[in-house]
Amino acid sequence: MRISRNVRRADLKAVGEVRRALRELMRHRCRTEATDVAELLITELVTNALVHTDRGAEVSASLTATRLRVEVRDHAARRPRPYVPTADDGTHGRGLVLVEALADDWGVDALALGAGKVVWFELDGRHEAPYAAGPA
């Protein structure tokens with residue numbers, strides 16, 4: 001299962017629309033906790049793409065039986081880096097720190113010269129929590 005959306009430059013209203021599409025994709029297929037985390041992380045990545053680049057973004061999410069992968073492609077070559085904000089930064093600067101902390105995996109893939117990059121994350125997409133082996 002897959003969703004794909006184009007988001008226009010500076011269209012922050014589209015962030016909520018992308019989040020709702022992801023929620024619908026994951027509904028009945030994933031744990032509530034995974035859906036909540038995915039919504040937070042897609043919000044961060046799409047907002048970053050819209051705030052820190054001059055053009056829009058392409059957002060896609062694919063869900064298999066075991067994995068959710070979300071990709072946000074923008075047209076800026078500059079690679080984002082996790083940044084630990086200071087108290088003076090208000091609410092800005094925490095997006096990639098959240099992605100790094102909450103995603104099972106994440107990364108940045110450079111595209112052809114001048115074509116931008118893809119920032120992505122993956123989460124366990126199983127409906128039930130994975131079995132944790134341990135002492136009985």
Side-chain angles (χ1 to χ4, degrees):
M1 306 195 77
R2 183 173 180 80
I3 61 169
S4 182
R5 300 284 190 276
N6 287 318
V7 181
R8 293 185 321 270
R9 178 180 165 262
D11 184 8
L12 295 178
K13 184 176 84 171
V15 175
E17 294 167 4
V18 168
R19 190 174 49 242
R20 282 187 292 280
L22 180 64
R23 183 183 322 124
E24 185 61 29
L25 174 72
M26 297 178 74
R27 191 171 66 115
H28 304 302
R29 294 175 188 89
C30 299
R31 298 180 324 276
T32 302
E33 298 83 14
T35 302
D36 293 344
V37 169
E39 285 185 53
L40 172 65
L41 299 185
I42 199 170
T43 299
E44 295 297 338
L45 293 188
V46 173
T47 301
N48 282 352
L50 296 180
V51 168
H52 297 294
T53 66
D54 293 336
R55 294 165 54 185
E58 297 168 22
V59 182
S60 65
S62 58
L63 180 62
T64 67
T66 61
R67 206 84 173 146
L68 170 72
R69 181 177 176 98
V70 172
E71 298 181 349
V72 179
R73 179 185 185 267
D74 65 46
H75 302 279
R78 189 179 75 238
R79 294 178 64 89
R81 293 192 181 118
Y83 158 76
V84 178
T86 65
D88 296 339
D89 290 334
T91 59
H92 299 287
R94 292 168 176 79
L96 286 180
V97 172
L98 288 171
V99 173
E100 187 174 53
L102 298 175
D104 293 324
D105 198 8
W106 80 281
V108 180
D109 297 333
L111 301 174
L113 187 60
K117 65 183 170 299
V118 174
V119 183
W120 57 269
F121 70 85
E122 293 183 348
L123 294 174
D124 185 322
R126 291 178 277 194
H127 187 9
E128 300 299 324
Y131 174 74

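- Under the 4.5 Å side-chain criterion, counting only non-hydrogen atoms from C-beta, Arg29 is in contact with Met1.
- Here the straight-line distance linking atom CD1 of Ile42 with atom CD1 of Ile3 works out to 5.5 Å at 0.5 Å rounding.
- In this structure, Lys117 pairs ionically with Asp74, as a charged nitrogen and a carboxylate oxygen lie closer than 4.0 Å.
- The closest side-chain heavy-atom distance from Val7 to Val18 is below 4.5 Å.
- To the nearest 0.5 Å, atoms CG (Leu40) and CZ (Phe121) are separated by 8.5 Å.
- Closest approach of Val108 and Trp120 over heavy atoms only: N-NE1, 3.9 Å.
- Hydrophobic clustering (side-chain heavy atoms under 4.5 Å, transitive across Ile, Leu, Val, Met, Phe, Trp, Tyr) groups Leu41 together with Leu12.
- Val51 and Leu98 fall within a single hydrophobic cluster, where Ile, Leu, Val, Met, Phe, Trp and Tyr side chains are chained together by heavy-atom contacts under 4.5 Å.
- Asp54 CG: 12 or fewer foreign heavy atoms inside a 6.0 Å radius.
- Of all heavy-atom pairs spanning Ala21 and Arg5, the tightest one is CB-NH2, 3.4 Å.
- Looking only at side-chain heavy atoms (C-beta outward), Leu22 and Leu68 come within less than 4.5 Å of each other.
- A heavy-atom distance below 4.5 Å is found between the side chains of Val37 and Leu123.
- Smallest separation of non-hydrogen atoms from Leu50 and Gly56: CD2-CA, 4.3 Å.
- Put simply, the side chain of Leu45 reaches to within 4.5 Å of the side chain of Leu96, judged on heavy atoms.
- Summarising the geometry of Glu122 relative to Arg69, their closest heavy-atom pair is OE2-NH1, 2.8 Å, with the distance given to 0.1 Å.
- Hydrophobic clustering (side-chain heavy atoms under 4.5 Å, transitive across Ile, Leu, Val, Met, Phe, Trp, Tyr) groups Leu63 together with Leu102.
- Heavy atoms from other residues, nucleotides or ligands lying under 6.0 Å from CZ of Arg2 number more than 12.
- Inter-residue side-chain proximity for Arg67 and Asp104 is flagged as met; some heavy-atom pair is nearer than 4.5 Å.
- Atom CZ of residue Arg55 and atom CZ of residue Arg9 lie 11.0 Å apart, to the nearest 0.5 angstrom.
- Using a 4.5 Å heavy-atom threshold, the side chains of Arg23 and Thr35 count as touching.
- A salt bridge between Glu71 and Arg73 is absent, with no side-chain N of the basic residue lying under 4.0 Å from a carboxylate O of the acidic one.
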